[in-house]
Amino acid sequence: MIRSINDTNVREYISLVKEINFGATKYAHVITFGCQQNERDSETILGLLTEMGYTPTDNADIADIIIINTCAIREHAEVKALSLLGRFKAQKKRNPDLIVGVVGCMAAEPHRADMLKKDFHYVTFTLEPNMLHRIPELVARKLTDGKRSFIFGQDEGDIYEDSPAVRRERHRAWVSIMYGCNNFCSYCIVPYVRGRERSRCSEDIIFECQGLVNSGVKEITLLGQNVNSYNADLTFPELLSRIAEIDGDFIIRFMTSHPKDTSSALIEVMKRYTPKIAPFFHLPLQSGSNRILKEMNRTYTRERYLDIACELKENIPGIALSTDVIIGFPTESDADFADTVDVLRRVEFDNVYAFLYSPREGTRAAKMDGAVERSVKDARMAELLGLQDKLSYDKNRPYVDTIQRVLTDAYEIKNGRRICSGRTLTGKLVYFESDAEIGEFINVKITKACPYHLLGEAEKRG
Ligand code: 5AD
Ligand code: SF4
């Protein structure tokens with residue numbers, strides 16, 4: 001169900017905390033692990049905290065409330081969050097009033113939720129993703145009666161609109177269009193921790209995008225675990241066209257897509273609205289072996305994947321493609337891995353994000369036999385990265401001597417020179433000397449290609 005936080009008691013809790021905090025300067029520190037969805041969620045967390053009277057700070061040492069927004073996609077992400085959490089034990093000893101909240105995907109895993117409650121006595125509350133609107137209630141509870149809270153298994157699949165947000169950047173914005181995932185890829189924890197797919201209403205999304213464009217945002221990235229299966233009153237291609245019809249000089253990106261839902265209708269819309277819809281597509285492959293794809297429950301074959309890649313390249317000349325690959329899924333043989341390498345060679349991705357398989361408790365793959373030895377995984381990773389360095393470089397070289405439209409994201413003063421960084425429409429990182437403002441589109445002549453970035457000279461403006 002779509003709900004508005006204004007129709008709930010969230011505002012009452014916000015007012016209560018604000019009243020308690022009144023007159024004192026209280027600081028809030030938010031730490032984010034994981035994907036862009038989490039980055040976007042942290043903007044909501046910071047929005048709620050700000051409304052409760054907290055001042056955001058980058059310095060955890062002076063914080064009165066610390067919230068860790070966790071990721072569970074691989075064990076490494078959890079270990080990092082837990083070790084960081086450990087650092088706050090001493091701070092809590094020094095300041096017993098410190099509030100420490102653990103939210104996000106790790107807090108939605110039964111064994112982790114249990115552990116946080118029993119073994120981490122300095123944790124004030126835990127909360128699953130999709131439930132962030134309850135943060136004010138949990139803070140209020142702690143401030144009024146000192147109670148710790150552990151919210152688990154209460155996600156009813158509602159979407160909450162009208163949450164406040166403190167957006168990290170002024171020129172780029174993430175817009176969530178759907179939450180959760182129904183695909184149950186056998187290695188993946190996401191459907192368990194983020195629940196089933198639910199899509200926001202298109203009017204709410206378009207209204208939000210229009211507001212962002214009005215406020216000067218130049219790049220909107222539509223977010224969802226699987227944006228192509230957006231399914232509300234419009235389909236994803238229809239939603240994309242509606243957003244592309246918004247007047248203004250801005251670009252649209254989206255992620256992540258699943259090959260099974262990447263339709264010709266979507267490719268048509270991209271073609272029609274290029275370059276307003278950026279000529280870039282992130283399409284996770286995961287494996288190039290049909291046998292492994294089946295074990296992964298990915299529901300497409302390598303042949304189908306190659307067809308989609310071909311269709312994208314034919315219809316959108318110059319499109320950049322990137323992908324995710326998992327190395328060392330249970331039973332992955334040398335021949336299976338060779339199939340993955342073969343797809344990488346055929347498609348010639350601009351960028352590949354490769355991950356070592358990490359068993360996730362509760363998923364089907366975690367119960368499979370045939371674990372691949374760590375040394376074998378490492379050797380495959382090294383081979384893949386070596387190949388991809390070369391392929392990425394080959395993709396970047398033809399940019400030399402071309403003029404690219406670049407959105408300026410940041411700048412640094414180096415040896416007295418102002419060096420800007422930004423991205424081409426195809427998502428390539430470019431460094432160039434310029435007095436361009438952050439958020440300004442600038443034409444850059446590319447002078448040098450490296451495997452993972454380009455160097456260029458800004459064209460004179462006006
Ligand atoms: N182990 C390793 N990588 C994983 N991913 C998802 N689950 C796992 C796992 N258990 C990768 C996939 C996905 C990306 C976001 O993370 O490649 O596309
Ligand atoms: Fe995980 Fe697969 Fe859903 Fe992506 S599509 S979030 S990999 S289950």
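Order of listing sets the numbers, starting from 1, for every ligand and every atom in it. As the structure is a computational prediction, the values presented were derived from the model and not from experiment.
- Atoms of ligand 1 found under 4.0 Å from any heavy atom of Arg74 (numbered from 1 in listed order, with element): 1 (N), 2 (C), 3 (N), 4 (C), 5 (N), 11 (C), 16 (O).
- By the 4.0 Å N-to-carboxylate-O rule, Arg423 lies too far from Glu219 to be salt-bridged with it.
- Note on ligand 2: Arg298 sits in its first shell, one or more heavy atoms being nearer than 4.0 Å.
- Assignment of Leu356 to the shell around ligand 1 is supported, since a heavy atom sits closer than 4.0 Å.
- The atoms of ligand 2 that sit less than 4.0 Å from any heavy atom of Cys181 are 3 (Fe), 5 (S), 6 (S), 8 (S).
- Considering backbone and side-chain N/O atoms, Gln286 comes within less than 3.5 Å of an N/O atom of ligand 1.
- With ligand atoms numbered from 1 in the order given, ligand 2 contributes 6 (S) to contacts under 4.0 Å with heavy atoms of Gln225.
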Before you tell me yes or no, could you show the steps for Asn69 and Asp41 under side chain to side chain donor-acceptor pair (under 3.5 Å), namely the whole-Å CA-CA distance, both residues' side-chain angles and the distance that decides it to 0.1 Å?
CA-CA 8 Å; Asn69 191 5; Asp41 284 351; 4.9 Å; no

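- The nearest N, O or S atom of Cys185 is closer to atom 2 (Fe) of ligand 2 than 2.8 Å.
- What sits closest to atom 1 (N) of ligand 1 on the protein, heavy atoms only, is Ser358 N, 3.0 Å.
- Of all protein heavy atoms, the one lying nearest to atom 7 (N) of ligand 1 is Tyr187 CD1, 3.3 Å.
- Looking at Asn38 and Pro129, their side chains never come closer than 4.5 Å, going by heavy atoms from C-beta outward.
- At under 3.5 Å, not a single nitrogen or oxygen of Arg360, backbone or side chain, sits near a nitrogen or oxygen of ligand 1.
- The existence of a salt bridge linking Arg242 and Glu245 is excluded, since no basic side-chain nitrogen approaches an acidic carboxylate oxygen closer than 4.0 Å.
- Side-chain polar atoms of Asn183 and Gln225 form no donor-acceptor pair below 3.5 angstrom.
- Only side-chain heavy atoms of Ile326 come within less than 4.0 Å of ligand 1; its backbone N, CA, C and O stay farther off.
- The single protein non-hydrogen atom nearest to atom 7 (S) of ligand 2 is Tyr187 OH, 3.4 Å, given as residue, atom name and distance.
- Ring pair His133/Tyr160 is parallel by interplanar angle, where below 30° counts as parallel and above 60° as perpendicular.
- Scanning all protein heavy atoms for the shortest distance to atom 5 (S) of ligand 2 gives Asn183 ND2, 3.3 Å.
- Listed for the Ser421 side chain is no donor-acceptor partner under 3.5 Å among the backbone atoms of Val430.
- With hydrogens left out, the protein atom closest to atom 18 (O) of ligand 1 is Asp324 OD2, 2.7 Å, a heavy atom.
- With a 4.0 Å cut-off on non-hydrogen atoms, Phe355 touches ligand 1 through its side chain and not its backbone.
- Side chains of Ser322 and Asn351: a donor-acceptor N/O pair is absent below 3.5 angstrom, by distance only.
- A side-chain donor-acceptor contact under 3.5 Å links Asp324 and His282.
- Taking the charged nitrogens against the carboxylate oxygens, Asp342 and Arg302 do have a contact shorter than 4.0 Å, which makes a salt bridge.
- Neither the backbone nor the side chain of Pro284 comes within 4.0 Å of ligand 2, counting heavy atoms alone.
- Between the side chain of Thr126 and the main chain of Ala113, no donor-acceptor pair closer than 3.5 Å is present.
- Residue Asn226 does not touch ligand 2, judged by heavy-atom distances below 4.0 Å.
- By the 4.0 Å N-to-carboxylate-O rule, Glu39 lies too far from Arg172 to be salt-bridged with it.
- Counting the atoms of ligand 2 from 1 in the order shown, those under 4.0 Å from a heavy atom of Pro191 are 8 (S).
- At the top of the distance list for atom 1 (Fe) of ligand 2, counting protein heavy atoms only, stands Cys188 SG, 2.2 Å.
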